[in-house]
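Input: a single structure, listed below in structure tokens.
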Amino acid sequence: MKFLSTRNSNLKISGREAIVKGISEDGGLFVPEFFPSFDIMENLDLSYTDLAHKILSLYLTDFDKEDLLKIIEKSYGSFEDEIAKVSYQKDFYLELYHGRTSAFKDFALCLLPNLLAYAKKSLGIKDKTLILTATSGDTGKAALEGFYNTEDIDILVLYPTEGVSSIQKAQMDTTGSLNSKVISIDGNFDDAQSAVKKIFNDSKIKEELKKENIYLSSANSINIGRLLPQIVYYFYSYADLVKNKKIDAGEKISYCVPTGNFGDILAGYYAKEMGLPVDKLVIASNDNNVLTDFFTTGTYDANRDLVKTISPSMDILVSSNLERLIFHKSSDDLVKEKMDDLRDKGLFDFEGDFKEFLCGYANEEETRKTIKKVFEEENYLIDPHTGVAKNIVDKLGLDKTVILSTASPYKFSSTVLDALGENLSDDEFENINILHEKTGVKIPSEIKKLKNKKILHKTKILKNEIEEEVLKFAKRGKRISVPATSANLGPGFDVLGLALDLANTCEFKLTDNKDEFENNLKTNLIYKAYKYAFDFYGEEVLPVDFDLDANIPLSRGLGSSAACIVMGIMAAFEVMKRDFDKKEILKIATKMEGHPDNVAPAIFGNAVASILKDDQVYVEKFEISNNFKFLAIIPDFKLPTKEARDVLPETYSKEDAVFNLSRLSMVILSLISGDEENLKVALDDKIHEPYRLKLIPEIHEIEKIINGSEALGHYLSGAGSTIMLVLKAKDKISEEEIKNNLDKLSNSYEVLALDLDKKGAFII
Ligand SMILES: *Cc1c(COP(=O)(O)O)cnc(C)c1O
């Protein structure tokens, strides 16, 4: 299969090339040279990922088939519960919001980054990609998740200050990946979109970026790699309807799609052209009804003001993917002419045969009423975008129609609550709770977690400052992330440790300021470790400047100094241009720290057992069962490692040694197997905890609270002062309860739920 440009059908490139390029140099969009046929009746029982594999293989013929399956399975692993779900109400709702960011954009944006990375690698492209994306809310977060810490691909997201919901904003502003930046720009979505388009056409900026070996690409739905994955759920939902006997085999059904950039509905058109029995494709718009006008009058007129509505992801006037449909209905010459008209006059005329389409629009009042009606009559909750679609299905009197439900109602809680006639709180997170109490609909777990996340992106700029920001972002230094660690795990004194999803990160650059570097060397452990690595190899140290973002609390037994040591050594490896051989890094880090139990998990991730013998470090990584989760109680009290070492005795009795040996083997095995009963007895220790716990004020009160909770057990993290609780993963109440009880004590404590880190330290 080759892909053509909508503005030059003589240009033919492969799928991998089309995905890497994103947009054709002639300004056109890539389209497949023909529509392969696919018979859903012969594939009714496929899982979502197998179906996706079959369909995408028809287009991406230059991808290795097995690699493609692996990519698809990995990408859709991020979905909660089901991938796509058809909900049978009076109408059929195709719920497309069970991905990580709770909108249908996840279907393409969990996959595109992996397709792009594969395409780049297999084509031998080493340049860095900078994804530049304007978003009306959902694309931005879905792209940030899809491109989370991808190697060699950075992402800059611009969203309009006016026009995204507070949840969408919080989702984006709390994203902690090292390869991303999120900027809010003054104005509406079209302002952001046109500013981005201007940069794509600015040869001076592209020249500047080329000097840094960076090329620009887009995550917007102009990339064919975003369109193709969306074809799959049209087929999938049809199969579901047949299997549930809602329709006969081969019976034609309609799809109603809330539309903005015309990507989602165009995928439906592709499905129909591939042979899916589709009756009508219904283009649903909100007050920004350019498409309704176009499909009824034949004139596309973008000369109007963009209206801000309660369905912000459809607040668009220039619907990029329409260009593809016009190409399929005419020719490249005609597309060029029409797109020139659009650019020069803001409008074009096109008389085509669109018999398979219907269209309509719903205003805000109609949308609200529809949300209320569906909830009251069917006890089914829909978001405002889905509300627009449902309103049009009702207005057109359609039956046997699948409504594409594109976002979770919780992304727009205040709008939905308001539509239901409830009182609103000023606090959007409170509105989520009110909505949950009223409807009982499950809150997506990523949205639930948002409330406690730190706002990391605060840059707010004017339209004319985008250029500057893009260049600044492109010229950043390298970044390193090193996770916090928790050593000992009870009986594993000085031999066990695990990595946690709390990290110190930094950006670093070579500097000319030698004096400042020398000064930092005197006091700062990261700089010391950096120099240590140069000394280790007998190389002359080059001055650098670290900009640290420290999240790991100091001297609390959470591996903050191990993180600094690993960070400095990794930076030195980068500057010395040495391979990131993790074992080699571990060797140097252990030599500097004196023992491997924190640096090993910091480097490798997961849980690690280690032995230091004759200057050699031996490590074995193991994975902890999903049955467990961790909760750190961090006292407002530092425990210096030296003090904690000094209280330990010189010798131990045979009894204590055997006690610990039995617990040590059991703690490792039960952490792996997930056996709760065994873990409960395995966390005890007689080597260090009996002596060290005495150093922590209020320890008896703290232990009383822990013992009264549902925790399976606890241990002193490293040399303390943090106390780490191991809980059942399913346990919901303990966290709050423990926090509330600790609040009654006289000292103050931070309580932090921590997941395991599986990746270890990395550099971007
Ligand atoms: C993006 C989006 C749409 C519009 O999809 P297009 O492919 O741009 O037509 C509709 N609803 C939601 C929730 C969206 O995020």
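Only heavy atoms go into these numbers, but all of them, side chains included; no hydrogens, no water, no symmetry mates. Order of appearance sets the numbers: ligands from 1, and atoms from 1 within every ligand.
- Evaluated for a side chain to side chain contact (heavy atoms under 4.5 Å, CB included) with L216, the options I23, I199, I131, V196 yield exactly one hit, I199.
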*Are E365 and R368 close enough, and set up right, to give a salt bridge (Lys or Arg N to Asp or Glu O under 4.0 Å), and what steps lead you there?*
CA-CA 5 Å; E365 201 39 44; R368 280 195 205 94; 3.1 Å; yes
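- Considering both main-chain and side-chain atoms, F262 comes within under 3.5 Å of ligand 1 through a nitrogen or oxygen pair.
- Taking only nitrogen or oxygen atoms, main chain and side chain alike, A407 does not reach within less than 3.5 Å of ligand 1.
- For S221, the closest heavy-atom approach to ligand 1 does not fall below 4.0 Å.
- Residue, atom and distance of the protein heavy atom nearest to atom 7 (O) of ligand 1 are D264 N, 2.9 Å.
- Ranking protein heavy atoms by distance to atom 9 (O) of ligand 1, first place goes to G260 N, 2.8 Å.
- Checking side-chain atoms of H436 against main-chain N and O of V441 turns up a donor-acceptor pair under 3.5 Å.
- Close placement of the F107 and F79 rings is indicated, their centers lying within 6.0 Å of each other.
- Taking the ring centroids of F294 and F348, they lie under the 6.0 Å cut-off.
- Ligand-side atoms of ligand 1 in range of N261: 6 (P), 8 (O), 9 (O), range being under 4.0 angstrom from any heavy atom.
- When Q230, K105, H385, R226 are checked for heavy-atom proximity to atom 3 (C) of ligand 1, K105 turns out nearest.
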*Could you go through the salt bridge (Lys or Arg N to Asp or Glu O under 4.0 Å) check for D91 and K400 one step at a time?*
CA-CA 7 Å; D91 304 275; K400 298 241 166 154; over 6 Å; no
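- For the pair K21 and F30, the cation does not sit on the ring face, since its NZ or CZ is not both under 6.0 Å from the ring centre and inside 45° of the axis.
- Each of the atoms 9 (O) of ligand 1 lies under 4.0 Å from some heavy atom of T259.
- Shown in contact with D138 at under 4.0 Å from a heavy atom are these atoms of ligand 1, numbered in order with element: 12 (C), 13 (C), 14 (C), 15 (O).
- With ligand atoms numbered from 1 in the order given, ligand 1 contributes 4 (C), 10 (C) to contacts under 4.0 Å with heavy atoms of P258.
- Salt bridge D26/R7: absent, no basic N to carboxylate O contact under 4.0 Å.
- Under a 4.0 Å criterion applied to the non-hydrogen atoms of G263, ligand 1 contributes the atoms 6 (P), 7 (O), 9 (O).
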*Check against side-chain contact (heavy atoms from CB on, under 4.5 Å), L358 and I392*: CA-CA 10 Å; L358 289 175; I392 289 154; over 6 Å; no
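- Nearest non-hydrogen protein atom to atom 12 (C) of ligand 1 is T406 OG1, 3.4 Å.
- Heavy-atom distances between F104 and ligand 1 reach below 4.0 Å in at least one pair.
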